[in-house]
Asker: 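Could you have a look at this structure, given as structure tokens, before my questions?
Remember, predicted model here, so these are calculated numbers, not experimental data. The figures that follow rest on heavy atoms only: side chains count, while hydrogens, waters and symmetry mates do not.
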Amino acid sequence: MAIFLAFLGVSIVVIVTPGPDTAITIRNTLLGGRSAGILTALGVGCGLTIWALATSAGLVALLTTSEPLFLAVKYAGAAYLIYLGMQALREAIWPAQSQHARSPTMPHMRLAPVAAFRQGFVSDLGNPKIAVFFPSLLPQFVPAGQPSFLSLLLLGIVFALITFAWLTIYATIIAKAGDWLRRPNVRRAVEAISGTLLIALGIRIAAEQR
């Protein structure tokens, strides 16, 4: 129990630190409402679960030892974040003029549920930091004598569930303040900030060493 509580403490500190997942969840909540934010969080959680499974099966070790494969994942993930950031900046500079964007009665129609889930899922799978983070973190909290595969997988799933819960809280808070945040001037400022942040995170991921 002491080992598990220590794992929870470390996980919470890591999870509450803002990063790409937080930025995408906030932006998607503004675009599609609370449901889009929760679906984005669900996509992130599913991505983390796949990373946990791959770590438990030893596949992540193969990824990190293969320089070309690791670089491919890193640059693909960085490019996706930059792409999303450029979309946000475009909205900040040239706001969409569709009927849905202008209609105050239909504020949550600009982001399809599938797109919200996909953005969370792909951005997390394309984050090479998880490929390094999970293999270095999870084994430290596997009790001696316990089956490593199942223990690593369960720890990874717990991490994913906490992440989902935290991002859901973010989505709920942003949705409650949505009417104010969706005011044209405020919305454009948020798009500009989130777009700049996503692009900066993408560039940092691409430039970072392991």
Side-chain angles (χ1 to χ4, degrees), residues 10-32 36-37 39-52 54-55 59-96 110-111 115-137 159-160 163-164 166-167 170-171 174 181 185-210:
V10 173
S11 298
I12 290 172
V13 170
V14 173
I15 290 168
V16 301
T17 303
D21 296 337
T22 304
I24 291 173
T25 300
I26 291 174
R27 180 173 184 265
N28 285 358
T29 302
L30 291 175
L31 288 174
L39 284 170
T40 303
L42 181 62
V44 171
C46 290
L48 287 171
T49 301
I50 290 179
W51 278 118
T55 300
L59 298 178
V60 170
L62 296 177
L63 171 65
T64 55
T65 56
S66 172
E67 188 71 17
L69 186 56
F70 183 84
L71 290 177
V73 172
K74 181 174 79 168
Y75 291 137
Y80 190 67
L81 289 178
I82 293 171
Y83 166 74
L84 294 178
M86 292 178 67
Q87 281 190 326
L89 288 181
R90 183 187 63 190
E91 288 292 330
I93 300 171
W94 300 291
R110 297 182 55 207
L111 184 67
F117 177 86
R118 181 181 65 245
Q119 289 184 14
F121 183 71
V122 174
S123 66
D124 192 83
L125 277 187
N127 187 352
K129 285 188 173 182
I130 304 298
V132 177
F133 175 71
F134 266 13
S136 62
L137 173 72
F159 188 94
T163 302
F164 172 72
W166 176 250
L167 293 179
Y170 254 110
I174 296 299
L181 289 172
N185 290 338
V186 177
R187 169 65 179 277
R188 293 177 70 175
V190 172
E191 289 279 24
I193 293 171
S194 62
T196 302
L197 177 61
L198 287 170
I199 291 174
L201 289 170
I203 293 174
R204 189 180 74 177
I205 288 175
E208 276 184 341
Q209 301 296 323
R210 296 195 187 193

Asker: Let me confirm one number: the CZ-OG1 distance from F121 to T49, rounded to the nearest 0.5 Å.
Answerer: 9.5 Å
Asker: What's the separation between atom CD1 in I26 and atom CG in L197, rounded to the nearest 0.5 Å?
Answerer: 8.5 Å
Asker: Considering non-hydrogen atoms only, spot the tightest contact between D124 and W51 and give its length.
Answerer: O-NE1, 3.0 Å
Asker: Nearest 0.5 Å please: distance from the CD1 atom of I24 over to the CG atom of L31.
Answerer: 11.5 Å
Asker: Just so I know, are the side chains of L167 and T40 near enough to count as touching, which here means a heavy-atom distance under 4.5 Å?
Answerer: no
Asker: Is the closest side-chain heavy-atom distance between Y170 and T22 below 4.5 Å?
Answerer: yes
Asker: Looking only at heavy atoms, which two atoms of L198 and G85 are closest? And how far apart?
Answerer: CB-CA, 3.8 Å
Asker: F164 versus L42: any side-chain heavy-atom pair under 4.5 Å?
Answerer: yes
Asker: Minimum heavy-atom separation for A160 and G45, please, with both atom names.
Answerer: CB-O, 3.6 Å
Asker: Return the minimal non-hydrogen interatomic distance between A192 and L89, and the atom names on each side.
Answerer: O-CD2, 3.6 Å
Asker: Does the side chain of F159 come within less than 4.5 Å of F133's, by heavy atoms?
Answerer: yes
Asker: So, T25 side chain and G37 main chain: donor-acceptor pair closer than 3.5 Å or not?
Answerer: no
Asker: Provide the closest heavy-atom pair for A36 versus A116 in the form atom of the first, atom of the second, distance.
Answerer: O-CB, 3.5 Å
